[in-house]
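In what follows, every chain begins at residue 1, and chains take the letters A, B, ... in the order their sequences are listed. Treat the numbers as computed from the prediction; the structure is a model and nothing was measured.
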2 protein chains.
Amino acid sequence: MTKTKITEWSGCPARYAAGIFGDKWCFLIMRDVLLLGRRTYSDFLNSPEGISTNILANRLAKLEDAGILNRKIDPRKASRVCYFPTRKARDLLPTLISMMVWSTVYDETTEAPASFAAAYKSDPAETLAWYEAEIDRVDTEIFNTTV
Amino acid sequence: MTKTKITEWSGCPARYAAGIFGDKWCFLIMRDVLLLGRRTYSDFLNSPEGISTNILANRLAKLEDAGILNRKIDPRKASRVCYFPTRKARDLLPTLISMMVWSTVYDETTEAPASFAAAYKSDPAETLAWYEAEIDRVDTEIFNTTV
DNA sequence: AATTACACTTGCATATTGCAAGGAGAAATT
DNA sequence: AATTTCTCCTTGCAATATGCAAGTGTAATT
């Protein structure tokens, strides 16, 4: 009986997701973009977790290749770059939020208010819509600024 | 202005979750336990992704320390060990499932049927209950076997 | 023209991983 | 009783990935 070893990270849906979530830094960049409104290289770099510059550049390229982030010149300042979440990225919101609900239950040192999990449970769609609107707000705010 | 660097992986709910999900191997072990009914060391070892023995031992210990897996002697064979999911682990099911739904949408080589995502969207609670029941079934099957 | 801001890249020491081999304890086989 | 097998790791070592500090190139600012 030969044991086949998998090298392609697609096929199995959990394995495919592990390609993004199974990396600490990709994971935190997704949090920054989807939940915290961060968009630029320096935004990510200044996150309190302290990602180093080579890893950040590497992960941003990886996420762009995966069709999750969209790299664009910042209209507010042409020497700066913004990374915008695609639809594929936005569709990760339910996953991220459900993960956060879990964390608020099991991390006794959580900084998130208990109301967060409660609000999500009572009306998941509304919570989701709120985050989507926030993403829109941040993105249009950047593009409505005249140079 | 001093930049504080975070070393503790709790506090922020996304960061806390990254402690489990932000590792490819922990992630896949959770899939094995929660969705594929795998419970023993050799089950995990024989997963097609091909985890090596040192990493497997390391991650099992990590997940046990985190209160996610429960290590017990296999009643079917006393020389063997089973790793059972705790309630904390089971509560990750919604997250895992929502991740799989995302993957079935965006991985064009997915092996999962399209009906999976549809079924989940039409009745999430039922899908969830089905997986919970499966976990119960596997666990009681192990414990109802007389040596 | 010189300085600053920004997004990287490079080099190197350190940490983590992957792979193959080994080992210890219990059970099954001879 | 001795040997083999099964199971769960541990160890050693090479390969890879990461963290950190410094440097590079381009665009804005002064």
Report yes if a side-chain nitrogen or oxygen of B/Ser79 is closer than 4.0 Å to either non-bridging phosphate oxygen (OP1 or OP2) of D/dC8; otherwise report no.
no

Could you go through the ring-ring contact (aromatic ring centres under 6.0 Å, His included) check for B/Phe143 and B/Phe84 one step at a time?
CA-CA 11 Å; B/Phe143 276 102; B/Phe84 295 102; 5.2 Å; yes

Can you tell me the distance, in whole Å, between the NZ atom of A/Lys77 and the C1' atom of C/dC6?
7 Å

Hey, can you tell me if B/Trp102 and A/Tyr16 have their rings parallel, tilted or perpendicular (30° and 60° cut-offs)?
tilted

Side chains of A/Ser98 and B/Ser98: any donor to acceptor distance under 3.5 Å?
no

Salt bridge check, B/Arg80 against B/Asp74: does any charged N sit closer than 4.0 Å to a carboxylate O?
yes

Distance from A/Asn58 atom CG to A/Leu63 atom CG, nearest 0.5 Å?
9.5 Å

Could you tell me the separation between the CH2 atom of A/Trp25 and the P atom of C/dA15, rounded to a whole number of Å?
16 Å

How long is the line joining CZ of A/Arg80 and P of C/dT4, in whole Å?
18 Å

I need the residues from residues 30-39 of chain B with at least one non-hydrogen atom less than 4.0 Å from DNA chain D; give them sorted by number, or say none.
none

Atom CG of B/Leu69 and atom C1' of D/dC8: how far apart are they, to the nearest Å?
15 Å

CG of B/Asp43 versus P of D/dC9: gap in Å, rounded?
14 Å

For atom CD1 of B/Ile51 and atom P of C/dT16, their distance in whole Å
16 Å

Regarding B/Glu141 and B/Arg39, does a basic nitrogen lie under 4.0 Å from an acidic carboxylate oxygen?
no

Between P of C/dA7 and CZ of A/Arg76, the distance in whole Å
10 Å

Is there a residue in residues 52-68 of chain B whose heavy atoms reach under 4.0 Å of DNA chain D, and which residues are they?
B/Thr53, B/Asn54, B/Ala57

Parallel, tilted or perpendicular: which one describes the rings of A/Phe44 and A/Tyr83, with boundaries at 30° and 60°?
tilted

Send over the distance from A/Phe44 CZ to C/dC6 P, rounded to a whole Å.
14 Å

Inspect the contact between B/Asp136 and B/Arg90 and indicate whether a charged nitrogen and a carboxylate oxygen are less than 4.0 angstrom apart.
yes

Presence of A/Thr40 side-chain N/O under 4.0 Å of C/dC6 phosphate oxygens OP1/OP2
no

Residues A/Arg87 and A/Glu132 bridged, charged N to O under 4.0 Å
yes

Categorize B/Tyr83 for me: base, sugar-phosphate, or nothing, with a 4.0 angstrom heavy-atom threshold over every strand shown.
sugar-phosphate

